[in-house]
Amino acid sequence: MTKPNIKDLSRKELEEWLTQRREPLYRASQVQRWLFQKGALSFSEMTDLSGELRSAMEEAFSISRLRVVHKSQSKDGTVKFLFGLADTLNIESVLIPETKRLTLCISTQAGCGFGCSFCATAQMGLKRNLRASEILDQILEARRSVALDRRITHVVLMGMGEPLANYPQTLKALEIMTDASGGIGISPRRITVSTVGLVPQIKRLMEETRVNLAVSLHATTDDLRSQMMPVNRKYPLAELIKCCRSLPVPKRRRITFEYVLLRGINHSPEDARRLGQLLKGIRCKINLIPFNPHSGSSYQRPTQEEVLQFQNSLHAQGYQVNVREPRGDDIQAACGQLQTETKTVQGSKFDVGHRTLNIALNG
Ligand code: SAH
């Protein structure tokens, strides 16, 4: 039988294990600092622990590491990692450098089961939920490849999968991610969870964490939203918006509404007006995401002028509206382009483009 991975233990679970061995509680953060802050890959590295405890841990647990199957770099500096999980499935993470930020976009599921019509990951279907350790290891592994003078400042759960459909593991990962004493220590203000709109889990997330919420809205009528996002049949717009209205959003924070712009489909003047109406009174900002094309979809990105028109109309209604730049779209790393079928790994997808780099494999 394989040993459980120690990175899958919450602080509390690790404390319980240590207590049974008559160790003091503070050992838990000591061990977690080795795992999550110093990136230890073996128990023997943990030199401030007794030899006896180290061998007991060695006997009881394993320490995971993701395999970097491929790493490609966009001409805009964005880096896409293809990580291999222990069971041969692959997932992707995207590191996005900006002037003052270094944002890592991570996955919470291998594939996705929500079937949004415009998303590349949807075409894979759901393979499985990621474990907390697999969510966290994406940060640890990306961190290893970052230059010493840079730190990952922001994490967004916007990669493959639906974080809130994998709620327990996502929550556990968020706890360790935000724990400054023994975990990775990223402030919850710098973490954003993006969801397709699972109402009960949104409520739980906002009660149980202090992270930022982004809701994928994408349409202003149930008819269109259900066509684009089948989840709308379960949680239609009125229910989703009502939920957002009632959330305990901390002071000086806002909910982000994401709105993918599909040419000729959801950016008419009426859409802009309805969107303004729908969100009235909610402390929010709107992120417009011009569609990122991928093979297997015939949607198109609107022209710049169409995007501007839509943005201006929302501005005029008093909203803060950002247009999300397509980062890394030349290496299929932009929103909605993540997809890791075996055929694409072995095929030409990762070798297109003159700036795509083949960087060391550590497997
Ligand atoms: N499951 C989460 C995270 C998904 S990815 C969610 O649905 O929010 C993050 C964002 O990218 C979502 O808003 C998603 O709808 C959007 N997206 C998906 N495919 C896209 C595409 N091809 N172009 C632009 N945005 C896309």
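This structure is a prediction, so every number in the text was calculated from the model and none was measured. Both counts, for ligands and for their atoms, begin at 1 and track the order of listing.
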Under 4.0 Å from any heavy atom of [X], which atoms of ligand 1 are there?
X: G161; value: 1 (N), 2 (C), 3 (C)
X: C119; value: 18 (C), 19 (N)
X: E258; value: 10 (C), 13 (O)
X: F118; value: 15 (O), 17 (N), 18 (C), 19 (N), 20 (C), 21 (C), 22 (N)

Heavy atoms only, cut-off 4.0 Å: how does Q337 contact ligand 1, side chain, backbone, both, or neither?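 For Q337, no heavy atom sits under 4.0 Å from ligand 1.
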Any idea which part of T195 is under 4.0 Å from ligand 1, heavy-atom wise: side chain, backbone, both or neither?
->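 Within the 4.0 Å criterion, T195 contacts ligand 1 through backbone atoms alone.
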Nearest heavy atom to [atom] wins, so pick from [options].
atom: atom 16 (C) of ligand 1; options: V196, T192, I289, L217; answer: I289
atom: atom 14 (C) of ligand 1; options: M160, H218, M229; answer: H218
atom: atom 4 (C) of ligand 1; options: C335, G336, G159; answer: G159

inquiry  = Assess, by modelled atom type and distance only, whether the side chains of R254 and Q320 contain a donor and an acceptor separated by less than 3.5 Å.
reply    =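 Indeed, the side chains of R254 and Q320 share at least one donor-acceptor pair under 3.5 Å.
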query: Can you find a pair of side-chain heavy atoms, one from I184 and one from T178, that are under 4.5 Å apart?
result: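 The answer is no; the side chains never approach within 4.5 Å.
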### Query
What do you reckon, are the aromatic ring centroids of H70 and F81 less than 6.0 Å apart?
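No, the ring centres sit 6.0 Å or more apart.
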Among all protein heavy atoms in this structure, tell me which lies nearest to atom 6 (C) of ligand 1, with the distance rounded to 0.1 Å.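 Of the protein heavy atoms, S216 OG, 3.4 Å lies nearest.
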(message) Checking a contact table here: which protein heavy atom is nearest atom 23 (N) of ligand 1, and how many Å away?
(response)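 Here the nearest protein heavy atom works out to N292 N, 2.9 Å.
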- Got an N/O contact under 3.5 Å between M158 and ligand 1?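 There is no such contact.
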Distance-only, no hydrogens or angles: does the S246 side chain make a donor-acceptor pair with backbone N or O of C243 under 3.5 Å?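 Side chain of S246 to backbone of C243: a pair is present.
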Using atom types as modelled and distance alone, determine if a side-chain donor or acceptor of K3 lies under 3.5 Å from a backbone N or O of E58.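 It does hold such a pair.
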Name the orientation class of the two ring planes belonging to F43 and F61 (parallel below 30°, tilted from 30 to 60°, perpendicular beyond 60°).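 Plane angle between 30° and 60°, so tilted.
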In Å and rounded to the nearest 0.5 Å, what is the CD to CZ distance from E162 to F114?
->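 E162 atom CD to F114 atom CZ measures 5.0 Å (nearest 0.5 Å).
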Gap between atom OG1 of T121 and atom CD of E92 - 0.5 Å precision: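 Between atom CD of E92 and atom OG1 of T121 there are 7.5 Å.
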